[in-house]
Amino acid sequence: MITKNFFVCGLTGWCMEILFTSTGSFLKQDKRLIGRTSVWMFPIYGTAAVIAPLYHSIKNLPALLRGCIYSVGIFSFEYISGTFLKRHGMCPWDYSHAKTNIDGVIRLDYAPLWMAAGLLFERILIQCNTSESP
């Protein structure tokens, strides 16, 4: 099940990132709506699979609090993975230009987005793990 969850989260993350970056194209009035991601992002998003077992421990908490917990976890892993990738010249993102950046690898102003992403991963994983196979 963890392997399935890893792939579901990796693919979901890729899709979210492509939609998010294509929104940036739209805001720049680029009608091509080009979205971008990196192969490195698949395993990074895939680690959101840890939300499934975590959810069982926190499911009775309000959604806002669960979202905060997910956001802290996502920030932590984004910082660790971004620092590692940056050290090896492979980091596909650079937030150095943002006022709320930490070491160019996380942006604190993205907290609401990561809260929403964590709750979305939660919903997808719950659905994915309770559905019956055809």
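Below, all heavy atoms of this structure are taken into account, side chains as well, without hydrogens, waters or symmetry copies.
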Rounded to the nearest 0.5 Å, what separation is found between the [atom1] atom of [X] and the [atom2] atom of [Y]?
{"X": "Phe121", "Y": "Leu54", "atom1": "CZ", "atom2": "CG", "answer": "13.5 Å"}
{"X": "Trp40", "Y": "Trp93", "atom1": "CH2", "atom2": "CH2", "answer": "11.5 Å"}
{"X": "Lys4", "Y": "Cys9", "atom1": "NZ", "atom2": "SG", "answer": "11.5 Å"}
{"X": "Arg107", "Y": "Ile102", "atom1": "CZ", "atom2": "CD1", "answer": "12.0 Å"}
{"X": "Leu61", "Y": "Cys68", "atom1": "CG", "atom2": "SG", "answer": "10.5 Å"}
{"X": "Met41", "Y": "Ile18", "atom1": "CE", "atom2": "CD1", "answer": "11.0 Å"}

Co-membership, hydrophobic cluster, residues [X] and [Y], 4.5 Å side-chain:
{"X": "Val50", "Y": "Leu65", "value": "no"}
{"X": "Ile58", "Y": "Ile51", "value": "yes"}
{"X": "Leu108", "Y": "Phe20", "value": "yes"}
{"X": "Leu11", "Y": "Phe6", "value": "yes"}
{"X": "Tyr70", "Y": "Val72", "value": "no"}

So, using side-chain contact (heavy atoms from CB on, under 4.5 Å) as the criterion, who are the partners of His88 when residues are at least two apart?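 Per chain and number, His88 pairs via side-chain contact (heavy atoms from CB on, under 4.5 Å) with Phe84, Met90.
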With Ser25 via side-chain contact (heavy atoms from CB on, under 4.5 Å) - residues at least two apart: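 Ser25 satisfies side-chain contact (heavy atoms from CB on, under 4.5 Å) with Asp30, Ile34 once adjacent residues are dropped.
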Is the number of heavy atoms from other residues, nucleotides or ligands under 6.0 Å of Leu64 CG greater than 12?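 Not buried by this count: 12 neighbours or fewer within 6.0 Å.
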Is the count of non-hydrogen atoms from other residues, nucleotides or ligands lying under 6.0 Å from Arg123 atom CZ greater than 12?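 Result for CZ/Arg123: enclosed.
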Donor-acceptor pair, distance only, cut-off 3.5 Å: does the side chain of [X] make one with the backbone of [Y]?
{"X": "Thr83", "Y": "Ile80", "answer": "no"}
{"X": "Trp14", "Y": "Ser38", "answer": "yes"}
{"X": "Ser96", "Y": "Gly104", "answer": "no"}
{"X": "Asn129", "Y": "Ile126", "answer": "no"}
{"X": "Asp109", "Y": "Thr100", "answer": "no"}
{"X": "Lys86", "Y": "Asp103", "answer": "yes"}
{"X": "Ser71", "Y": "Gly67", "answer": "no"}

Please find the pair of heavy atoms, one from [X] and one from [Y], that lie closest to each other, and give the distance.
{"X": "Tyr79", "Y": "Ile106", "value": "N-CG2, 3.7 Å"}
{"X": "Leu85", "Y": "Pro92", "value": "CD1-CD, 4.1 Å"}
{"X": "Leu120", "Y": "Met16", "value": "CD2-SD, 3.4 Å"}
{"X": "Leu33", "Y": "Ser22", "value": "O-CB, 3.1 Å"}

Centres of the Phe75 and Tyr110 rings: under 6.0 Å?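 Centroid distance Phe75-Tyr110: not below 6.0 Å, so no.
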If you measure only the distance, is there a donor-acceptor pair under 3.5 Å linking the side chains of Tyr45 and Glu17?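 Checked: Tyr45/Glu17 side chains pair up, N/O donor to acceptor below 3.5 Å.
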Evaluate side-chain contact (heavy atoms from CB on, under 4.5 Å) for Tyr55 paired with Leu125, printing each intermediate quantity in order. CA-CA 10 Å; Tyr55 172 74; Leu125 289 168; over 6 Å; no
Before you tell me yes or no, could you show the steps for Arg66 and Leu119 under side-chain contact (heavy atoms from CB on, under 4.5 Å), namely the whole-Å CA-CA distance, both residues' side-chain angles and the distance that decides it to 0.1 Å? CA-CA 8 Å; Arg66 290 194 320 272; Leu119 292 169; 4.2 Å; yes
